[in-house]
K.L.:
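I have a structure I would like to understand better, so I am pasting it below and will then ask my questions one at a time.
Remember, predicted model here, so these are calculated numbers, not experimental data.
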Amino acid sequence: MTDSTTALLERVLDLRMKAHEVHTSNIANANVPQFKARKIEFDKALEAAVTQSENPDTLQARELSLQAAVRDVESAIYEDPNAPMKGNGNTVNMEREQTELAKNTIAYDMAIQLINKKFAMQRYVLQEGGSR
Amino acid sequence: MDVFKSMDVIGSALSAERTRLEAIQSNVANANTVRGVDGGPYKRKDVVLQSVPLQNEFGEILDSKDNTHVEVEVADVVEDQSGGRPVYDPQHPDANAEGYVYFPNVNPVEEMANMISADRAFQTNVNVFQTTKQMALKALEIGR
């Protein structure tokens, strides 16, 4: 009985973990000559999935289409061709990677908190509002 | 588990940066060694790093689209072949006919700069490891 909120948060956790891997690899290779830093993008795809599934009229149809759309969201990983190069041909910007990593971690923690709240609400309902 | 792969990548970087630090230690320690292992003055060592895409358990390189992990590897440790620093000291047992002794091609300032670079990179990777660990532990708390 997955609902669209849980499905969305699940996908967000997957994508955030992938972004974490990309930034980790970039930082690990910061001193390797000729290494090209990679970027990952999924914000727009995720936003598009959420907005497009707002169209169906009934709540149930909307719920189902949102779940399906969210599951298909893919991240794009690419090398930034315009990134400034260091003397050794490496394009890792250490400060940028570290801030991106910190931002990504906060977003990941936020998704976990939201998913926990969702489960807590379901538990609350299962316990008949805690009145026993 | 992808978290563990992330940790492997960080581990490879830590090991690579430590190798760089070891080369620098050796260079600084031997900055005045006029008799190296091959007879002549000590030659400064340089570590060559290279990136290797993470492979699956069958040794195949994973599809580049999904390949978010890139490990670091020490490709080679090379000796800097540039000439040594001549010092005029005719009394020295290793002085040549003109009275010059050749000292190693180690520049302490360059070594210190490289040391700071390797040290910072090492520390950054340790921080990234802590973050990765915290993320993994947070994920274990889902539904608690």
Side-chain angles (χ1 to χ4, degrees), chain A residues 6 9-10 13-40 74-79 86 88-92 94-95 97-98 100-120 122-123, chain B residues 1-17 19-20 46-54 63-75 114 117-144:
Chain A
T6 319
L9 288 171
E10 247 178 61
L13 285 178
D14 275 353
L15 293 166
R16 288 281 167 207
M17 187 43 89
K18 214 163 196 180
H20 183 79
E21 288 156 17
V22 171
H23 296 308
T24 305
S25 284
N26 284 345
I27 292 174
N29 287 278
N31 283 321
V32 180
Q34 302 305 328
F35 177 82
K36 303 286 177 252
R38 288 174 312 162
K39 283 180 140 188
I40 180 165
E74 279 299 335
S75 54
I77 299 170
Y78 58 94
E79 286 170 6
K86 285 181 261 181
N88 57 1
N90 185 302
T91 63
V92 178
M94 203 56 150
E95 293 76 30
E97 292 300 334
Q98 278 176 273
E100 286 297 326
L101 192 84
K103 268 158 62 184
N104 190 60
T105 310
I106 292 171
Y108 183 89
D109 287 356
M110 187 177 77
I112 285 189
Q113 281 204 26
L114 288 172
I115 222 167
N116 275 333
K117 283 277 174 245
K118 183 81 191 173
F119 286 152
Q122 286 175 350
R123 201 178 302 130
Chain B
M1 273 270 285
D2 280 0
V3 189
F4 295 138
K5 283 193 221 150
S6 268
M7 290 178 173
D8 288 345
V9 172
I10 301 164
S12 74
L14 289 175
S15 144
E17 297 300 341
T19 312
R20 275 180 80 206
D46 221 344
V47 175
V48 182
L49 301 183
Q50 76 178 20
S51 306
V52 270
L54 199 79
D63 180 13
S64 61
K65 189 171 133 292
D66 298 321
N67 204 353
T68 45
H69 304 275
V70 187
E71 284 200 36
V72 192
E73 185 180 79
V74 175
N114 285 340
S117 150
D119 182 33
R120 292 281 151 79
F122 192 91
Q123 285 176 17
T124 310
N125 276 292
V126 171
N127 288 339
V128 175
F129 188 90
Q130 300 284 13
T131 312
T132 310
K133 196 179 84 180
Q134 276 163 19
M135 276 169 82
L137 292 178
K138 261 257 163 71
L140 286 178
E141 297 288 312
I142 293 178
R144 278 271 169 92

K.L.:
Does any backbone or side-chain atom of A:Leu13 lie under 4.5 Å from a heavy atom of chain B? Answer side chain, backbone, both or neither.
P.N.:
side chain

K.L.:
With chain B as the partner, which of A:Asn31, A:Thr24, A:Ile40 has the greatest number of non-hydrogen pairs under 4.5 Å?
P.N.:
A:Asn31

K.L.:
Counting only heavy atoms from other residues, nucleotides and ligands, does the tally under 6.0 Å from NZ of A:Lys86 exceed 12?
P.N.:
yes

K.L.:
Let me know if B:Thr132 has heavy atoms under 4.5 Å from chain A in its side chain, its backbone, both or neither.
P.N.:
both

K.L.:
Sub-3.5 Å donor-acceptor pair from the side chain of A:Asn90 to the main-chain atoms of A:Ala30, do we have one?
P.N.:
yes

K.L.:
Of A:Lys36, A:Glu79, A:Arg38, which is the lone residue that meets side-chain contact (heavy atoms from CB on, under 4.5 Å) with A:Thr91?
P.N.:
A:Lys36

K.L.:
I need the residue from A:Asn116, A:Ile27, A:Val22, A:Asn29 with the largest number of non-hydrogen atom pairs under 4.5 Å to chain B.
P.N.:
A:Asn29

K.L.:
Identify every side-chain donor-acceptor pair in residues 102-110 of chain A under 3.5 Å, counting partners at least two apart or on other chains, and give the distances.
P.N.:
from, atom 1, to, atom 2, distance (Å)
A:Lys103, NZ, A:Glu100, OE2, 3.2
A:Asn104, OD1, A:Arg16, NH1, 3.1
A:Asn104, ND2, A:Arg16, O, 2.9
A:Thr105, OG1, A:Leu101, O, 2.7
A:Asp109, OD2, B:Lys138, NZ, 3.4

K.L.:
Out of B:Ile142, B:Val128, B:Val9, return the one with the most heavy atom pairs under 4.5 angstrom to chain A.
P.N.:
B:Ile142

K.L.:
Is chain A contacted by the side chain of B:Ala75, its backbone, both, or neither, given a heavy-atom distance below 4.5 Å?
P.N.:
neither

K.L.:
To the nearest 0.5 Å, what is the distance between NZ (A:Lys118) and CZ (A:Arg123)?
P.N.:
13.5 Å

K.L.:
Counting heavy-atom pairs closer than 4.5 Å to chain A, which one of B:Arg120, B:Arg20, B:Gln134, B:Glu73 comes out on top?
P.N.:
B:Arg20

K.L.:
Under 4.5 Å heavy-atom distance to chain B, tell me which part of A:Gln98 shows up: side chain, backbone, both or neither.
P.N.:
side chain

K.L.:
Restricting to side chain to side chain donor-acceptor pair (under 3.5 Å), what partner residues turn up for A:Asn26, sequence neighbours left out?
P.N.:
A:Glu97

